[in-house]
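The next block holds one structure in the form of structure tokens; read it before the comments.
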Amino acid sequence: MNEETKVITYRRAFLLTLFALVGVVAVSAWLWWRSPLNLLIHAAQQTSTASTDGEPSQTTPAETPLAPIQLSPQRMQSIGVKIGTVESKTLSDEIRSYGTVQPNERHFAYVQTRFAGWIRQVYADATGDIVRKGEPLFTIYSPDLVASEREYLLAKKNAVALQQSSVDGVADGAASLVAAAKARLQQFDVSDSEIAKLDGTGESIADLTFYSPASGYVTERNALPNMYVQPDTKLYAIADLSDVWVLAQVFQNDAGKIKPGDPAEITLDAYPGQVFRGKVDYLLPQLDTATRTLPVRLVFSNADVKLRPGMYVNVSLKLLLGRRLVVPDSAVFHSGTKSLLFTFTGEGNIQPHEVEVGPHVGDQFVITKGIKAGEQIVTSANFLIDSEAQLQAAAGAFVPPPPGAGQAVAMNTSAQSQANAELTTQPSPPQKGTNTVRVKLTDQAGKPVAGAQVTVTFFMAAMPAMGMAAMKTVVQTSDKGAGIYEGIGSLGSGGTWQVTITAAQNSQTIANKQLTINAAGGM
């Protein structure tokens with residue numbers, strides 16, 4: 001073989017080997033692409049990247065669904081189930097809090113002058129003194145005021161002299177000057193009695209007396225003898241305590257229950273056994289961030305002045321809520337974002353219901369939606385019942401037992417079962433596709449049980465991340481004798497299945513068993 005022939009032979013062998021390798025890779029890739037595992041991965045990717053209008057979708061994990069359950073009287077007693085009734089009644093609530101007495105700001109009076117001057121004599125000379133309306137507070141000398149008084153007296157004198165003048169307009173002009181001078185005195189807040197004194201004496205008053213504008217207690221006093229004051233100097237603050245405010249503090253979750261006009265009561269240690277009655281005046285808008293409380297202003301009559309500013313009091317707010325549906329607070333089960341009630345329809349049947357819960361009043365909850373008056377509800381052991389209902393829903397195998405069966409699906413103890421059930425399959429373990437299901441049913445003594453109705457339920461929960469919905473297969477068996485019950489069922493996938501075996505005889509559940517099996521075959 002010459003050199004050229006050898007080269008051609010080697011080239012053909014190389015090309016054949018290369019084509020064979022490419023073929024093997026292509027076949028392997030096709031087989032891998034069609035494998036169940038890759039299909040699941042591809043489905044998961046499609047689920048995670050699925051979009052609406054081009055945007056990635058977001059999945060929110062759903063809460064565990066609930067299913068009705070049925071409990072035997074013995075089981076209800078052992079877990080402490082108690083039954084109550086939904087009531088419709090007129091409700092009144094009470095909020096207890098604390099507060100402090102404050103003067104009613106609407107009844108405050110402040111004393112200031114409208115001119116500068118020197119205080120001469122002080123009559124109300126102590127904070128806390130009680131004064132009556134019209135009583136003298138102090139006297140003041142003001143050069144500006146004396147000048148205005150003299151202008152007024154001079155204008156009056158000229159008006160008298162010119163009253164008989166024959167010149168047109170002279171008498172009227174003089175009278176207008178008198179009116180203007182008097183108006184100036186009134187603008188200086190000179191009382192009519194002081195002006196009458198000017199008219200009577202014809203002399204200016206050097207020391208003008210100021211009188212109290214209201215009756216009450218002196219809460220602030222800045223008037224001192226011989227002190228020079230300006231119009232912006234606050235000399236007295238007088239509070240009328242015939243009615244007072246109480247500033248109560250209530251927690252923010254109670255704020256929605258309170259409205260102006262609601263009755264209120266206060267008590268204090270200074271007067272044991274005495275109750276003062278008033279009402280809600282206003283809910284202040286600003287919450288105290290340190291205590292998380294909302295100030296509520298109450299108003300109380302205080303004719304005998306027993307309630308004094310600064311006193312600490314105990315507050316009781318009486319709230320009328322009208323007629324409402326109520327249940328014991330122990331009956332409401334809070335599950336995630338839901339509030340549940342479990343209704344009881346007799347013979348151990350319990351049904352979960354989602355409800356809307358209103359305010360908490362005493363040891364009861366107001367129910368605004370989802371229940372009716374007179375319905376029977378479970379008022380204790382709700383956590384155990386909720387767990388039972390979740391198991392039922394997860395198994396997807398709830399079959400209401402015949403009346404009087406009173407047996408929970410999850411209860412597999414020998415003390416509650418009248419028969420034992422053993423499951424076998426053909427093939428074993430079961431596989432994806434058609435399977436023969438056999439149940440051997442024996443009593444507590446090990447003897448075969450004949451004439452029963454045996455149902456086998458296979459359930460596989462949904463797997464949204466893999467694009468798989470929940471699957472369920474129910475196999476109705478027939479009695480083959482010797483305690484053997486057989487049926488045919490088809491499983492839609494390999495993997496882990498939850499299995500529920502239920503056996504009934506003469507309308508009574510005699511066996512109820514749950515187990516888990518692994519089926520062969522891909523998904």
**Prompt:** Looking at Gln418 and Thr509, what are the two nearest heavy atoms and their distance?
**Reply:** NE2-O, 4.3 Å
**Prompt:** Going by an N to O cut-off under 4.0 Å, is there a salt bridge joining Lys279 and Asp262?
**Reply:** no
**Request:** Take Leu91 and Leu319, measure what side chain to side chain contact (heavy atoms under 4.5 Å, CB included) needs, and give me the verdict at the end.
**Result:** CA-CA 9 Å; Leu91 286 183; Leu319 310 178; over 6 Å; no
**Prompt:** Can you name the closest pair of heavy atoms from Glu94 and Ser316 and give their distance?
**Reply:** OE2-OG, 2.5 Å
**Message:** Can you tell whether the side chains of Arg438 and Glu486 come within less than 4.0 Å, N to carboxylate O?
**Reply:** yes
**Prompt:** Would one find more than 12 heavy atoms of other residues, nucleotides or ligands at under 6.0 Å from atom CG of Asn518?
**Reply:** yes
**Message:** Let's go through Thr455 and Val475 carefully: what are the C-alpha distance in whole Å and the side-chain angles of both, what is the deciding distance for side chain to side chain contact (heavy atoms under 4.5 Å, CB included) to 0.1 Å, and is it a yes or a no?
**Reply:** CA-CA 6 Å; Thr455 302; Val475 180; over 6 Å; no
Using residues 294-311 as the side-chain source, report each donor-acceptor pair under 3.5 Å to any protein atom, sequence neighbours left out, with the distance given to one decimal.
from	atom 1	to	atom 2	distance (Å)
Arg297	NE	Asp281	OD2	3.0
Arg297	NH2	Asp281	OD2	3.1
Asn302	OD1	Lys306	N	3.1
Asn302	OD1	Leu307	N	3.0
Asn302	ND2	Leu241	O	3.0
Asn302	ND2	Leu307	O	2.8
Lys306	NZ	Gln274	OE1	3.3

**Heavy-atom pair of closest approach, residues Pro103 and Trp245** = O-CE3, 3.7 Å
**Request:** Answer yes or no: is there a side-chain heavy-atom contact under 4.5 Å between Val86 and Ile367?
**Result:** no
**Asked** If you look at every heavy atom in Lys82 and Ser380, which pair is closest and at what distance?
**Response** N-OG, 3.0 Å
**Request:** Please lay out, stage by stage, how Ile258 and Leu283 fare under the test side chain to side chain contact (heavy atoms under 4.5 Å, CB included).
**Result:** CA-CA 8 Å; Ile258 305 170; Leu283 278 74; 4.0 Å; yes
**Prompt:** Would a distance-only check, ignoring hydrogens and angles, find a side-chain to backbone donor-acceptor pair under 3.5 Å from Thr267 to Val275?
**Reply:** no
**Request:** Using the side-chain hydrogen bond (donor to acceptor under 3.5 Å, both in side chains) rule, take Thr293 and Gln249 through it: C-alpha gap first, then chi angles, then the decisive distance, then the call.
**Result:** CA-CA 6 Å; Thr293 56; Gln249 305 293 330; 3.2 Å; yes
**Request:** Determine the minimum heavy-atom distance between Ala373 and Ser88, stating which atoms define it.
**Result:** CB-CB, 4.1 Å
**Test side chain to side chain contact (heavy atoms under 4.5 Å, CB included) applied to Leu491 and Trp497, step by step** = CA-CA 9 Å; Leu491 301 183; Trp497 290 80; 4.0 Å; yes
